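Small disclaimer: the values here were computed from a predicted structure and weren't measured. Lettering of chains follows the sequences in order, A, B, ..., and the numbering in each one begins at 1.
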2 protein chains.
Amino acid sequence: MKISINADYMLRAVFELAQSKSDKPIPISQIAKSQHIPSKFLEKLFRRLKQYDIVKAIKGKNGGYFLKHKPEEITMHQIIQAAEGQVKIHNCLERSKETTCRNIDNCIFREFWHKFNIHIDEFLKSYTLNDFLTSK
Amino acid sequence: MKISINADYMLRAVFELAQSKSDKPIPISQIAKSQHIPSKFLEKLFRRLKQYDIVKAIKGKNGGYFLKHKPEEITMHQIIQAAEGQVKIHNCLERSKETTCRNIDNCIFREFWHKFNIHIDEFLKSYTLNDFLTSK
DNA sequence: TTAAAACATACTAATTTAGTAGGAATTTGT
DNA sequence: ACAAATTCCTACTAAATTAGTATGTTTTAA
């Protein structure tokens, strides 16, 4: 029930892109420095952000990253999902994984976990990057 | 963002107490067996449940555990809290711990995490053990 | 052609989670 | 009185996850 540091790093990194007024891409080195995140580690996180369609990369010298969408189109849910993979609160809710539950079919708690998960998702979807920009 | 196995174990164990019609305390060995949880491990979890005032213990032969309160008075929040300690979604929200955030005082995201936490807590408080008993 | 950037993969360290071992203390039934 | 079944206690270990490094290759602008 903890948010990983990854999610925190990614959120702050993406927020920095959102804040940028520049028309040039922002390199990882710059974000790593201003957010005190190990640069090589942040690289890896950006690749995840790219996979999840949140940022786009410009390669080569003077390259870097842009947001791929407008801040108001990027939800917290997307960012946290990029950081942690599909956000499933309980193994019960993931197909492939072994559940700790033996009586899978009529597990009494499964519906509860499912509702809990929906509750969380909806909260996360209700916030976009823009909410943080304007709050400043 | 995952519920620990502990929480799952504890929930199922406590549910089994709630279901019991007997006026005798239920020993750990019995629950361990029916729920396929290592007995010694479950012992430890029960001590946590006791600390958090969810169950009461009867020592000695023919001893075991009872729920300390009525099922409708025991919330999911209490159980998960017993399992995972204070449920804080982000280190930002815990006093003592070092935050990853450098600008602690005016961190833009803190309020978001806080609201998220409240959202989760309220959901968990809205369910009691009784909800699972009756659904059966 | 050099420098600065993204991209890729494999490794390591640190931390957390899950589980075990080996008992001591308590209580009941015989 | 004593054996058995129980909770209670502490320390240890194993497994898994998370966080971070190392060592590059590839791409592109100046």
Check your understanding: Which is true for A:G63 with a 4.0 Å heavy-atom rule: it touches a base, it touches only sugar-phosphate, or it touches nothing?
Key -> sugar-phosphate
Exercise for review: Using a 4.0 Å heavy-atom cut-off across all strands, classify A:K61 as base, sugar-phosphate, or nothing.
Suggested key: base
Point to revise | Audit row: B:D121, B:H77, side-chain hydrogen bond (donor to acceptor under 3.5 Å, both in side chains) steps and yes/no | key: CA-CA 7 Å; B:D121 285 351; B:H77 186 260; 3.3 Å; yes
Revision key, fill the gap. Taken to the nearest whole Å, CZ/A:R47 to P/D:dT26 is 15 Å
Check your understanding: Contact class for A:Y65 vs. all strands (heavy atom < 4.0 Å): base, sugar-phosphate, or nothing?
Key -> sugar-phosphate
Revision key, fill the gap. note: A:K50, atom NZ; C:dA5, atom P; distance rounded to Å ~ 17 Å
Practice item. Please report, rounded to the nearest Å, how far the C1' atom of D:dT17 is from the CD1 atom of A:I5. Key: 13 Å
Point to revise | Value in whole Å for how far the C1' atom of C:dA5 lies from CZ of A:F66 | key: 13 Å
Review point. Should A:N6 be listed as having a side-chain N or O under 4.0 Å from OP1 or OP2 of D:dT18?
Key: no
Check your understanding: Can you check the A:I28 CD1 to C:dA5 P distance for me, whole Å?
Key -> 10 Å
Practice item. Send over the distance from A:K2 NZ to D:dT17 C1', rounded to a whole Å. Key: 16 Å
Review point. Hey, is the side chain of B:Y9 poking within less than 4.0 Å of OP1 or OP2 on C:dA18, counting only N and O atoms?
Key: no
**Study point:** Closest heavy-atom pair and its distance - B:I54, B:Q78
**Key:** CD1-O, 3.6 Å
Exercise for review: Identify, between A:K59 and A:S39, the residue whose nearest nucleotide on DNA chain D lies closer to the 5' end.
Suggested key: A:S39
Exercise for review: Could you check whether the rings of B:F109 and A:F15 sit parallel, tilted or perpendicular, using 30° and 60° as the cut-offs?
Suggested key: perpendicular
**Study point:** Interatomic distance where CD belongs to B:Q51 and P belongs to D:dT10 [whole Å]
**Key:** 11 Å
Exercise for review: Give B:K44 one of three labels, base, sugar-phosphate or nothing, depending on what nucleic acid heavy atoms sit under 4.0 Å from its own.
Suggested key: base
**Study point:** Along DNA chain C (nearest heavy atom to each residue), the more 5'-positioned of A:F46 and A:N62
**Key:** A:N62
Practice item. Mark yes or no for a side-chain to base donor-acceptor pair under 3.5 Å between A:K40 and D:dT23, with no hydrogen or angle criteria applied. Key: yes
Review point. Would you call the rings of B:F112 and A:F132 parallel, tilted or perpendicular if under 30° counts as parallel and over 60° as perpendicular?
Key: perpendicular
Check your understanding: Got a salt bridge between B:E16 and B:R12, using NZ or NE/NH1/NH2 to carboxylate O under 4.0 Å?
Key -> no
Check your understanding: How close or far is atom C1' of D:dC8 from atom CZ of B:R48, stated in whole angstroms?
Key -> 15 Å
Check your understanding: Which comes earlier along DNA chain C counting from the 5' end, the contact point of B:S4 or that of A:E43, where each point is its nearest nucleotide?
Key -> A:E43
Point to revise | First of B:S29 and A:I58 reached from the 5' end of DNA chain D, by closest nucleotide | key: B:S29
